[in-house]
Amino acid sequence: MNTEFQIEFNKIQDMWAELAATDYAKERIREVKVILDEKELRRELRDTTDARDMVEKLGTPPLQNVNELSEVITVVEKGDCLTPYQLERVENVLVVIERLRSYLARGKQYNNPLAYYDENLDSMDYLRDEIVRQIRNEMVDDRATKELFEIRTSMIDAENKMKQKAEQIIRSHKDCMADSFYSLRSGRVCVPVKKEYKFKVPGSVIDKSATGSTLFVEPEGVSRYFEEMELLKIDEENEVYKILYTLTAMVADATEALKENMRMMEKLDYIFSKGKLSIDLDCVEPRINLDRRIKLKEARHPLMDKAVNVPLNFSLGESSEENSRYSEEKIRGVVITGPNTGGKTVAIKTVMLACFMAQCGLHVTAKEADVCMNSNYLSDIGDGQNLSENLSTFSAHIKNVLDILKKVNRESFVIMDELGSGTDPTEGMGIAVAILEELKKSEANFLVTTHYPEVKDYAERTSGIVNARMTFNKETLRPTYKMVIGEAGESCAFYIADRLGMSRDMLSTAIEAAYGKDAAGSYEFSEKSDTEERNRNKKEASPKITKIQKKHKDTNVTTLYNIGDSVMVYPDKKIGIVCEPVDKKGVLRVQVAGKKIYINHKRVKLLVRAEELYPEDYDFSIIFDSVENRKLSHDMGRKLTEGTIVHND
């Protein structure tokens with residue numbers, strides 16, 4: 001049983017989480033539970049109201065994710081040095097903290113309690129200013145210190161001298177050069193010298209071209225400046241690390257203040273996300289009571305389009321003034337009836353979702369709301385069928401209901417949809433009444449929907465339980481989503497079926513089966529012409545199945561194959577030539593790989609007919625007889641010849 005999922009609170013959480021900026025707030029939203037402490041709940045609702053009020057007056061607060069700051073603090077606590085990128089992340093968060101402080105301070109003019117959270121935020125201007133002064137574009141700035149500026153200035157001078165010296169060498173040894181400009185090789189300034197002139201330009205060969213015809217030489221005058229540059233780079237690196245370690249130490253000293261800033265930003269992000277959700281859904285702050293009273297005025301399901309949604313008015317836990325039978329005992333249960341698609345399920349979901357949201361510290365989608373705190377929320381909605389657990393719809397319902405009855409108590413809120421459905425109507429009705437009796441004994445607040453007339457009768461005669469119906473527009477066949485408490489509703493099944501085109505014969509049969517012949521005779525059918533009635537009964541053309549046409553088999557197997565036919569012999573799948581046709585027993589003789597074998601015709605498949613392979617009057621003895629036999633046969637045809645023709649198998 002997952003009540004949050006059944007009433008679709010999980011979808012509200014998705015909408016809510018998108019309004020949060022920090023991972024902490026998003027995670028807290030995903031794990032939110034109903035609040036059972038009255039003082040805490042009232043504080044949470046007050047925060048939501050204050051947050052909404054401030055957002056409406058001052059706009060969206062400047063909040064951002066602080067995960068990277070958390071990672072920076074972890075690095076600092078390990079004793080590692082921060083990089084310029086990480087220091088800039090600290091500076092960015094401090095800028096947001098300063099903006100948030102300014103935002104909250106502006107809220108003081110409206111006496112908003114949230115505005116005073118600014119006193120718990122420390123923008124640490126001294127740290128932010130130092131980072132801004134010394135770190136720029138994820139690098140240590142040249143003017144971070146006087147020493148670093150002098151070192152980098154000297155590096156630029158040394159680099160310029162290297163380039164000038166290289167250009168001077170190129171001009172003075174123009175004939176020896178393969179090109180008119182210098183290049184960098186392994187960080188060294190080199191001139192391109194033709195291979196045959198390598199001894200005319202003093203210096204060190206650093207590299208050569210792919211063909212070997214050009215040598216890249218670092219002139220002697222340039223190497224001196226390169227060595228100077230390398231020493232300056234060491235000095236620069238030492239000075240940069242000195243600056244980074246100094247800034248890291250400052251961040252380390254401010255770790256606790258940074259952590260407190262993170263906690264406050266995450267907390268404010270969660271609070272403001274509730275206010276933003278209230279604005280987006282057009283909610284109102286609910287009143288909270290401990291008197292087991294629920295009263296909603298023009299309540300809406302927050303996931304339904306506000307433009308088409310019909311507001312719901314609902315009350316529970318109050319004595320009925322209309323009927324003296326109810327005045328002695330407060331109403332704890334409502335049995336809702338009405339036609340299918342009449343909005344019964346939406347109604348019970350709307351009521352429970354409103355209570356659930358309120359008890360999570362959220363505002364409610366209604367014009368007015370007065371809801372009680374509940375110790376637990378229990379629901380049975382949907383068929384619950386589970387093939388993996390071998391549960392039918394009815395079995396799943398009963399399993400869930402029994403679980404609910406084990407947990408229910410006086411402070412519970414229960415909703416059940418289609419009570420007693422999924423089994424024999426008579427037995428289902430009995431089970432539905434038994435469940436209602438147990439819920440009544442528990443003194444819990446509960447809402448159930450049903451179609452059973454007997455359950456309506458039970459609610460009518462039982463104190464503490466009242467009928468309610470969802471109204472239905474019979475002309476448009478559309479639900480109005482309006483609930484009328486104190487009246488039982490009709491299922492309107494026959495009326496809907498009639499309006500949607502069911503024939504009079506079918507309707508008469510259905511009414512007679514349900515209520516007897518007299519009822520069928522007194523039913524007022526919708527007025528239809530004879531033509532329209534015939535059209536109701538007219539069958540529509542439907543697709544037909546096309547069967548395989550079985551071919552007539554020739555029972556005379558002796559005509560299946562002729563001498564010379566090329567065939568496939570199974571199961572070996574060898575190709576052979578028919579040398580004797582099929583006899584009456586279905587056996588033929590096939591020559592395969594120079595050998596003649598007898599085989600049943602069912603193990604042979606025709607490949608090519610003889611007339612397609614050989615010319616007319618072809619002498620097949622050429623294929624099937626040896627040369628000796630053919631010669632002897634020829635002689636026997638001309639004269640008396642001694643000898644015997646032998647056929648090899």
Side-chain angles (χ1 to χ4, degrees), residues 1-16 32-34 277 281-284 286 294-306 308-317 332-360 362-372 374 376-384 393 396-397 400-401 403-404 408 412-421 435 439 444-451 468-472 478-485 489:
M1 178 176 57
N2 189 337
T3 298
E4 291 93 331
F5 179 80
Q6 290 186 346
I7 64 175
E8 299 179 278
F9 181 70
N10 60 312
K11 295 180 181 179
I12 303 299
Q13 286 175 297
D14 292 339
M15 298 170 57
W16 182 9
V32 71
K33 301 294 180 184
V34 294
L277 182 67
L281 297 180
D282 191 17
C283 298
V284 66
I294 301 174
K295 190 169 184 178
L296 301 173
K297 183 178 180 181
E298 296 187 15
R300 297 174 286 106
H301 194 290
L303 299 178
M304 294 184 70
D305 187 352
K306 185 180 178 182
V308 299
N309 180 258
V310 179
L312 175 71
N313 294 311
F314 177 84
S315 63
L316 180 68
R332 294 289 175 224
V334 178
V335 176
I336 306 172
T337 52
N340 290 325
T341 70
K344 301 187 299 298
T345 304
V346 173
I348 62 175
K349 280 186 176 182
T350 300
V351 175
M352 177 169 277
L353 187 55
C355 296
F356 199 95
M357 289 175 65
Q359 205 165 338
C360 288
L362 298 173
H363 285 178
V364 175
T365 49
K367 191 171 183 179
E368 291 182 18
D370 183 8
V371 300
C372 61
N374 300 288
N376 53 3
Y377 291 82
L378 307 169
S379 64
D380 179 51
I381 299 176
D383 62 20
T393 298
H397 271 302
N400 199 19
V401 166
D403 187 43
I404 289 173
V408 71
S412 299
F413 185 19
V414 182
I415 61 174
M416 293 184 181
D417 194 28
E418 299 296 346
L419 189 63
S421 63
I435 293 170
L439 290 175
N445 285 343
F446 60 90
L447 305 177
V448 300
T449 69
T450 185
H451 284 290
R469 66 180 178 90
M470 302 301 298
T471 58
F472 186 79
R478 292 181 179 275
T480 63
Y481 297 104
K482 292 182 179 179
M483 181 185 292
V484 179
I485 296 179

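Heavy-atom basis, side chains included; hydrogens, waters and symmetry copies ignored. Quick caveat, the model's predicted, so the values are computed rather than measured.
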Next item on the list: Return the minimal non-hydrogen interatomic distance between S379 and N400, and the atom names on each side.
Entry: O-ND2, 3.3 Å
Check: So with a 6.0 Å cut-off around NZ of K349, is the heavy-atom count from everything else above 12?
Finding: yes
Next item on the list: Would you name the heavy atoms of T365 and L281 that are closest together and state the gap between them?
Entry: CG2-O, 3.7 Å
Notebook entry, point to check: How long is the span from the CG atom in L277 to the CG atom in L362, to the nearest 0.5 Å?
Noted result: 6.0 Å
Notebook entry, point to check: Sub-3.5 Å donor-acceptor pair from the side chain of N445 to the main-chain atoms of V334, do we have one?
Noted result: no
Notebook entry, point to check: Can you tell me how far the CG atom of L353 sits from the CD1 atom of I7, to the nearest 0.5 Å?
Noted result: 5.0 Å
Note to self: Pair F314, T350 - check side chain to side chain contact (heavy atoms under 4.5 Å, CB included), show working.
What the structure shows: CA-CA 10 Å; F314 177 84; T350 300; over 6 Å; no
Checklist line | Name of the residue among P286, P302, C355 meeting side-chain contact (heavy atoms from CB on, under 4.5 Å) with V364 | finding: P286
Checklist line | W16 and V32, any side-chain heavy atoms less than 4.5 Å apart | finding: yes
Margin query: Rounded to the nearest 0.5 Å, what separates atom CG in D417 from atom CD1 in I348?
Written below: 4.5 Å
Next item on the list: State, to 0.1 Å, how close H363 and C283 come at their nearest heavy-atom pair, and which atoms those are.
Entry: CB-CB, 3.3 Å
Check: Closest approach of S315 and I485, non-hydrogen atoms and distance?
Finding: O-CD1, 3.7 Å
Item checked: Exam field: side chain T449 to backbone E418, donor-acceptor pair closer than 3.5 Å -> yes
Note to self: Would you compute the distance between atom CD of E4 and atom CG of N10 and round it to the nearest 0.5 angstrom?
What the structure shows: 8.5 Å
Check: Going from CD1 on I381 to CZ on F5, what distance comes out if it is rounded to the nearest 0.5 angstrom?
Finding: 11.0 Å
Notebook entry, point to check: Are the side chain of N313 and the backbone N or O of K297 linked by a donor-acceptor pair below 3.5 Å?
Noted result: no
Next item on the list: Could you tell me whether the side chain of T3 reaches within less than 4.5 Å of the side chain of F9, counting heavy atoms only?
Entry: no
Next item on the list: Check whether any side-chain N or O of Y377 sits under 3.5 Å from a backbone N or O of V34 as a donor-acceptor pair, and report yes or no.
Entry: no
Notebook entry, point to check: Do the non-hydrogen side-chain atoms of L439 and M416 ever get within less than 4.5 Å of each other?
Noted result: yes
Item checked: Validation row: I12, L303 side chains within 4.5 angstrom (heavy atoms) -> yes
Checklist line | Distance-minimising heavy-atom pair for L378 and M352 | finding: O-CE, 3.5 Å
Item checked: Spacing of CG belonging to L312 relative to CE belonging to M483, to within rounding of 0.5 Å -> 5.0 Å
Note to self: So which atom in L296 and which in V351 form the shortest heavy-atom distance, rounded to 0.1 Å?
What the structure shows: CD1-CA, 4.0 Å
Next item on the list: Check whether any side-chain heavy atom of V448 sits under 4.5 Å from a side-chain heavy atom of D380, and report yes or no.
Entry: no
Next item on the list: Taking the side chain as every heavy atom from C-beta outward, state whether I415 and Q6 have any atom pair closer than 4.5 Å.
Entry: no
Checklist line | Min side-chain heavy-atom separation I294-F413 under 4.5 Å | finding: yes
